[in-house]
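Below: the structure, in structure tokens.
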Amino acid sequence: MMAAVPEIRLRGLTVCHGRRPAVHHLTGRFAPGSLTAVVGPNGAGKTTLLRAIAGLHKPEEGRVELGSGAARVALLPQQAALDRQFPIACLDVVMLGLWSAVGPFRRVPRALRDRAAEALAAVGLAGFEARPVGSLSAGQFQRVLFARLLLEDAPIILLDEPFNAVDARTASDLLRVVKRWHGEGRTVIAVLHDLDLVRREFPDTLLLAREPIAWGPTAEALSAANRLRARMMAEAWAEEAEACARGGGEAIAA
């Protein structure tokens, strides 16, 4: 198990987009080394939650606590949010995972370049070092992004729809990487839509509909009653609503 993997604790977390609520009053914890799926209707705040945990979206209320101090967090965004037209080679994208270790505008030592090439090989892209990312399929590009995460070597890994728009073989290969991270004791949180996959592979689930519906063992969180409640809440959303100020109850992930 990795040393010093921190607990992630959310305390009354409310996150907004331009004062419009995206996540309400979320309180609970991701245990160190846990593997958790985040599911819910479109617009439920799943991506916003990951960005808040990563420190990229400032809460309107409440806070995110990462153990007793700062912790490295690696975030894989949705592919749709990334520009693949910039002329950059696969190896250079992977080496972005060394940013915290090397810093900007410094030459990457040969040993670290070799590590980047090994990361590409580990996701099935040996020999792709010089290939421009614009020439890759969606599945190949996702493999490159996973290789970058391998190099970041963070104790907390956040994945936003990691298997979306990739073929079944790629999804299977990348799922093995996710399970490897979990086996190493890292905390992995993944936004997913495939509930069958969640039931098979993810022991814990947070069902979110802007407010927490359920958070705990997957079979319980994804009960028919909870899924119906999430759908009914989504149908009642008012997009013009302002952020509310009431407190929420605590949901604890084992």
Side-chain angles (χ1 to χ4, degrees), residues 1-2 5 33-38 46-47 50-51 53-54 72-102 108-194 196-198 200-203:
M1 178 170 177
M2 289 194 70
V5 178
S34 55
L35 176 61
T36 306
V38 180
K46 303 182 294 294
T47 293
L50 293 195
R51 288 178 55 80
I53 294 172
R72 288 185 298 115
V73 178
L75 171 65
L76 177 78
Q78 294 181 29
Q79 277 207 41
L82 302 173
D83 181 8
R84 293 172 53 194
Q85 300 308 309
F86 189 78
I88 186 171
C90 292
L91 189 67
D92 294 321
V93 172
V94 176
M95 287 194 298
L96 291 174
L98 297 169
W99 181 273
S100 62
V102 177
V108 178
R110 181 67 193 182
L112 293 182
R113 293 181 66 88
D114 289 344
R115 280 184 55 196
E118 290 168 3
L120 276 172
V123 297
L125 293 181
F128 276 64
E129 291 84 356
R131 283 275 297 271
V133 295
S135 70
L136 304 180
S137 68
Q140 290 169 334
F141 184 55
Q142 196 74 327
R143 290 174 187 265
V144 169
L145 297 179
F146 265 67
R148 187 196 71 193
L149 291 177
L150 286 172
L151 228 56
E152 287 191 57
D153 197 29
I156 298 171
I157 300 172
L158 311 177
L159 307 171
D160 196 354
E161 300 188 17
F163 311 125
N164 191 37
V166 302
D167 59 90
R169 178 179 175 182
T170 296
S172 178
D173 289 346
L174 297 182
L175 180 60
R176 281 196 289 271
V177 177
V178 171
K179 296 173 77 170
R180 167 184 159 185
W181 284 327
H182 181 226
E184 292 169 346
R186 305 174 200 268
T187 299
V188 183
I189 306 170
V191 170
L192 297 166
H193 290 284
D194 185 341
D196 290 334
L197 172 66
V198 171
R200 287 196 313 270
E201 305 292 352
F202 286 76

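Residues take their numbers from the sequence shown, with the count starting at 1.
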Applying side-chain contact (heavy atoms from CB on, under 4.5 Å), name anything that partners Asp167, two or more places apart in sequence or on another chain. Arg169, Thr170

Could you walk me through whether Leu76 and Ile157 pass the side chain to side chain contact (heavy atoms under 4.5 Å, CB included) check? CA-CA 8 Å; Leu76 177 78; Ile157 300 172; over 6 Å; no

Is there a side chain to side chain contact (heavy atoms under 4.5 Å, CB included) between Leu50 and Val191? Walk through the geometry before answering. CA-CA 8 Å; Leu50 293 195; Val191 170; 3.6 Å; yes

Answer whether the closest heavy-atom distance between the side chains of Cys90 and Leu136 falls below 4.5 Å. yes

Give, for atom CG of Asp160 and atom CD1 of Ile189, the distance between the pair rounded to the nearest 0.5 Å. 12.0 Å

Within the 4.5 Å heavy-atom criterion, are Leu175 and Val177 side-chain neighbours or not? no

I'd like a table of donor-acceptor pairs (distance under 3.5 Å, sequence neighbours excluded) in which one partner is a side-chain atom from residues 108-120, with atom names and distances.
unit_1 : atom_1 : unit_2 : atom_2 : d
Arg110 : NE     : Asp114 : OD1    : 3.2

Looking at every non-hydrogen atom in both residues, tell me the closest pair between Ser135 and Pro132 and how far apart they are. OG-O, 2.7 Å

Sub-3.5 Å donor-acceptor pair from the side chain of Arg143 to the main-chain atoms of Val123, do we have one? yes

Closest contact, heavy atoms only, Gly33 versus Val5: N-CG1, 3.9 Å

Within this structure, what is the CG-CZ distance for the pair Leu197 and Phe163, rounded to the nearest 0.5 Å? 6.0 Å

Qualifying residues under side-chain hydrogen bond (donor to acceptor under 3.5 Å, both in side chains), relative to Asp92, sequence neighbours excluded: none

Could you state the interatomic distance from CG (Leu149) to CG (Leu96), rounded to the nearest 0.5 Å? 11.5 Å

Can you name the residues that form a salt bridge (charged side-chain N to carboxylate O under 4.0 Å, His left out) with Glu161, not counting sequence neighbours? none

Sequence neighbours left out, what passes side-chain contact (heavy atoms from CB on, under 4.5 Å) with Ala54? Give chain and number order. Leu56, Val73, Leu75, Leu158

Do Phe202 and Thr36 have side chains that get closer than 4.5 Å, going by heavy atoms? no

Using every non-hydrogen atom in the two residues, find where Asp153 and Arg186 come nearest and quote the distance to one decimal. OD1-NH2, 2.8 Å

I want to check something: taking the side chain as every heavy atom from C-beta on, are Phe128 and Val144 in contact at a cut-off of under 4.5 Å? no

Quick one: OG on Ser34 to NE2 on His182, what's the gap to the nearest 0.5 Å? 7.0 Å

Please report the interatomic distance CG(Leu98) to CZ(Arg148), rounded to the nearest 0.5 Å. 11.5 Å

Please determine which of Val38, Leu145, Val188 meets the side-chain contact (heavy atoms from CB on, under 4.5 Å) test together with Leu159. Val188

At their closest point, which heavy atom of Ala138 faces which heavy atom of Val166, and how far apart are they? O-CG1, 4.1 Å

Please identify each residue that fulfils salt bridge (charged side-chain N to carboxylate O under 4.0 Å, His left out) with Arg131, with sequence neighbours left out. none

Which atoms form the tightest heavy-atom contact between Ala122 and Leu150, and what is the distance? CB-CD1, 4.1 Å

dist Arg72:CZ -> Ile156:CD1 (nearest 0.5 Å) comes out at 10.0 Å

Residues Lys179, Glu201: salt bridge by 4.0 Å N-O rule: yes

Residues forming a ring-ring contact (aromatic ring centres under 6.0 Å, His included) with Phe146, sequence neighbours excluded: Trp181

Answer whether the closest heavy-atom distance between the side chains of Leu192 and Asn164 falls below 4.5 Å. no

